[in-house]
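So the structure is just underneath, and the comments pick up after that.
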Amino acid sequence: MTERQSYSGIPLKPVYTPADVAGLDYAARLNDPGAYPYTRGRRPATQEAGGWIQHELSGEGTPLRSNAQFRYLIAHGATGVDVIGDTPTMAWLDPDHPAAVHAVGTQGVSLCRFEDYRELYDGLPLDRITVSHSLPAPFAIAGLYLSAKARGVDPKGLRGSAIQVPFYCEDCGYATHMPFALRLRLAVDSIEFATRTMPKFHAFLEDTYYISDGGLDAVEEMALGFVEIRYIVRELTRRGVPVDSFAPRIAILVNCRMDLFEEIAKIRATRRLFARMLREEFGAQDPRSLAVNVTSHTSGLTLTAQQPVNNVVRGAVQALALALAGVQAIEISAFDEAFRTPSPEAHLIALRTQQTIQLETNVTGVADPLGGAYYVEALTDEMERRIAEMVATIEGMGDPAALCDGSWFRALFQNAMERYARQIREGQLLKVGVNAHRMSDEQDTLLREMAERKFEPCRERVAELRDHRRARDRQAAEDALYRMRRVTETKTDSLMPALVAALEAGATMGEITGVMRAGYGHPYDPFGMTESPV
Amino acid sequence: MRPLRVLIATLGLDQHEVGAVAVARQLRDAGMEVIYLGRFQLPPAIVKAAVDEAVDVIGLSCHSWEYLYYLDELMALLRARGLAIPVVLGGSVLTAADARALEAKGVAAAFGPTSAVEDIPATIERLARAR
């Protein structure tokens, strides 16, 4: 008999019994929801039960087209929006950059100016919904802040989040072509800025989703996430920012793959580990600093191009796992994810899946419904042990920043990608439609036509940006960029006031980022195709 | 017989690297020499590297629609320099209809998400030996 194991390689018994939880101290290890160490949930049971923020990752084409997507989802019951940039935006480049023109708006929204953010949020009830951003965080924070002020909405009431990705972005699909020191400084400065100006906003969203969706397992996902969280927390406290001022606004955006119980155990273990770290290592005292907010995105990697309708089922199973784990927000990777950014139909199916789980299954009636189950508690303990051990191993190798610069993490990601491809090729990991229950292309037609629909890049953005550069107050934009460069060169002053001012003065993200790169002795344009205006 | 040399590159701003890395390792394991150019490549740089490295096959990873616009430029550059290096595309966004359109443009082979990945080394070997 082959040994059974979880997806991350934890050996599994055929059945779990009271002996597996014999030593479990309820008060110390579990406790009620809303009580330290928050294993069973971050809020008391009376508040924990009842639902989660329901949103779907959106963004396509121009800011206005994305705004229409948001309105469509909100009209159908979404309680938040989550926006992702197109590939140029995620690379901190403008849409009129010569390397960007064929990618504008096809895999997210094109955003690079203050006006773009105003159009993106136009008419949205910013005081009622949460606005989450998978975008370059300093620009998302500045864009939201300026847009709210322009509309007369108090930034202090804004809710939502922005991903902070200084450690792993260059290796995992969000490459910025900036040195580590600048990436870290931007993360810390933007968190500090938002803590002061937008205190309800989670400006410190640790994104373990994107790092793990290349093939990391659940233990590696959380270990790398904690390494990054710990590094940023240390950096903030080193600067004298009190831990209880920013820790309540740390959130973690986790992945959810198909190993249902392992994913649930991972989230419960993460809450417990986070609470202990913050209290015992970082001296946090405010209970809100210890009870981490967990938000989630179901795994795109687990979806298949074959038999795309199966992806609807995968999204439902993953969302159920997340609901059972008691997360604060869910978004389901749309069924056409393997081919394109979500179509309106795929968005709606994903949202309806969440609504069906919430309203029809009664899983939200009781907090942490799996608490105390022999298997779930044993697995939670083992996940916690393995995550903590890997964090200690990585930190024991020296400064994690040096590991980052030395490509140690890159090697880890590449091995995980290769491992995942091999597991599927060799059949250790079974995927219906891929290496089990296959169909010929001729038979495999259900929803396929819809999934394969293509659309053109938003070339009108190129002309729009050209006009923008011509029409803006050139002196004001150049002065702001010059100040940005000078502040960058101090290596210590916060970058945020100058960044906000430059955006407001009509400078673009590509220009502002370019002068920051130059301030660190790096090329203004990583492709060497455009010139700095200052 | 010298080992086959295969260039692997990803076009434009496409940041997905899972497939390119997996295929690069697969080809290496099959005894080929892989010149891994990586992400953020544009057609002129790809053609230059293909010449400098004397590769037998150019492999392009496509997980965004950018290839639709860069491919014509790449094929034109190859033709202009009289280079008959087979170009192979692989990636999640390539549908069966795309594969047919690509063959019409002179692409030697296209592997979409439903293709059998174990066939990739054999196909590359066949194309290279047929030059």
Side-chain angles (χ1 to χ4, degrees), chain A residues 86-91 93 97-104 106-107 169-175 177 213-215 301 304-307 337-340 410 413-422 424-426 433-434 438-442 444 448-449 451-452 454-457 526-527 529, chain B residues 8 10-30 34 36 38-46 61-74 90-101 111-121:
Chain A
D86 61 5
T87 44
T89 302
M90 298 314 285
L93 295 173
H97 187 283
V101 291
H102 297 318
V104 179
T106 54
Q107 291 182 327
C169 52
E170 303 304 303
D171 298 328
C172 291
Y174 291 158
H177 307 280
D213 220 36
L301 187 67
T304 61
Q306 294 89 339
Q307 304 173 31
E337 157 92 17
F339 292 98
R340 52 167 291 170
R410 181 168 176 80
F413 293 125
Q414 295 208 340
N415 286 330
M417 290 173 194
E418 198 276 332
R419 180 182 67 199
Y420 183 81
R422 181 166 32 80
I424 291 192
R425 202 165 59 232
E426 296 174 357
V434 177
R438 289 209 274 213
M439 268 180 179
S440 68
D441 277 358
E442 293 70 42
D444 182 4
R448 175 162 294 280
E449 208 168 293
E452 292 185 355
K454 288 191 177 64
F455 53 89
E456 287 284 309
F527 289 80
M529 300 169 104
Chain B
I8 301 279
T10 303
L11 284 165
L13 296 184
D14 182 3
Q15 297 227 15
H16 299 83
E17 211 172 7
V18 178
V21 171
V23 169
R25 292 207 182 185
Q26 198 190 356
L27 298 179
R28 189 195 63 189
D29 292 347
V34 175
Y36 187 73
R39 297 175 292 173
F40 312 120
Q41 302 301 325
L42 298 177
I46 292 171
S61 173
C62 307
H63 298 275
S64 86
W65 295 329
E66 289 166 83
Y67 81 89
L68 289 167
Y69 313 98
Y70 284 123
L71 190 71
D72 289 340
E73 183 187 351
L74 180 82
S92 59
V93 298
L94 302 177
T95 66
D98 294 333
R100 284 189 294 276
F111 292 92
T114 64
S115 309
V117 285
E118 55 275 17
D119 295 347
I120 294 177

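Below, chains carry the letters A, B, ... as their sequence lines are ordered, and counting in each starts from 1.
- The part of Val117(B) that comes within reach of chain A is its side chain, from C-beta onward, which places non-hydrogen atoms under 4.5 angstrom from that chain.
- In this structure, the ring of His102(A) has its center no less than 6.0 angstrom from the ring center of Tyr67(B).
- A distance of 5.0 Å separates CZ in Arg425(A) from CD in Gln26(B), rounded to the nearest 0.5 Å.
- Among all heavy-atom pairs drawn from Asp171(A) and Arg39(B), the shortest one is CA-NH2, 4.4 Å.
- Of the atoms belonging to Leu68(B), it is side-chain heavy atoms, and not backbone ones, that fall under 4.5 Å from chain A.
- Heavy-atom pairs under 4.5 Å with chain A were tallied for Leu94(B), Val21(B), Thr114(B); the largest tally goes to Thr114(B).
- Minimum interatomic distance between Gly173(A) and Gln15(B) (heavy atoms only, all atoms of both residues): C-OE1, 2.8 Å.
- Here the CD atom belonging to Glu418(A) is positioned 6.5 Å from the CG atom belonging to Asp29(B), to the nearest 0.5 angstrom.
- With a 4.5 angstrom heavy-atom cutoff, Met439(A) does not touch chain B via any of its atoms.
- Using a 4.5 Å cut-off between heavy atoms, Val93(B) touches chain A through backbone and side chain atoms alike.
- Contact of the Glu452(A) side chain with the Asp98(B) side chain is not registered, since no non-hydrogen atoms from C-beta on lie closer than 4.5 Å.
- For Leu13(B), the parts lying under 4.5 angstrom from a heavy atom of chain A are both the backbone and the side chain.
- Note that the OG atom of Ser64(B) and the CZ atom of Arg340(A) stand 14.0 Å from one another [nearest 0.5 Å].
- Here the CD-OG1 distance, from Glu66(B) to Thr87(A), works out to 5.0 Å after rounding to the nearest 0.5 Å.
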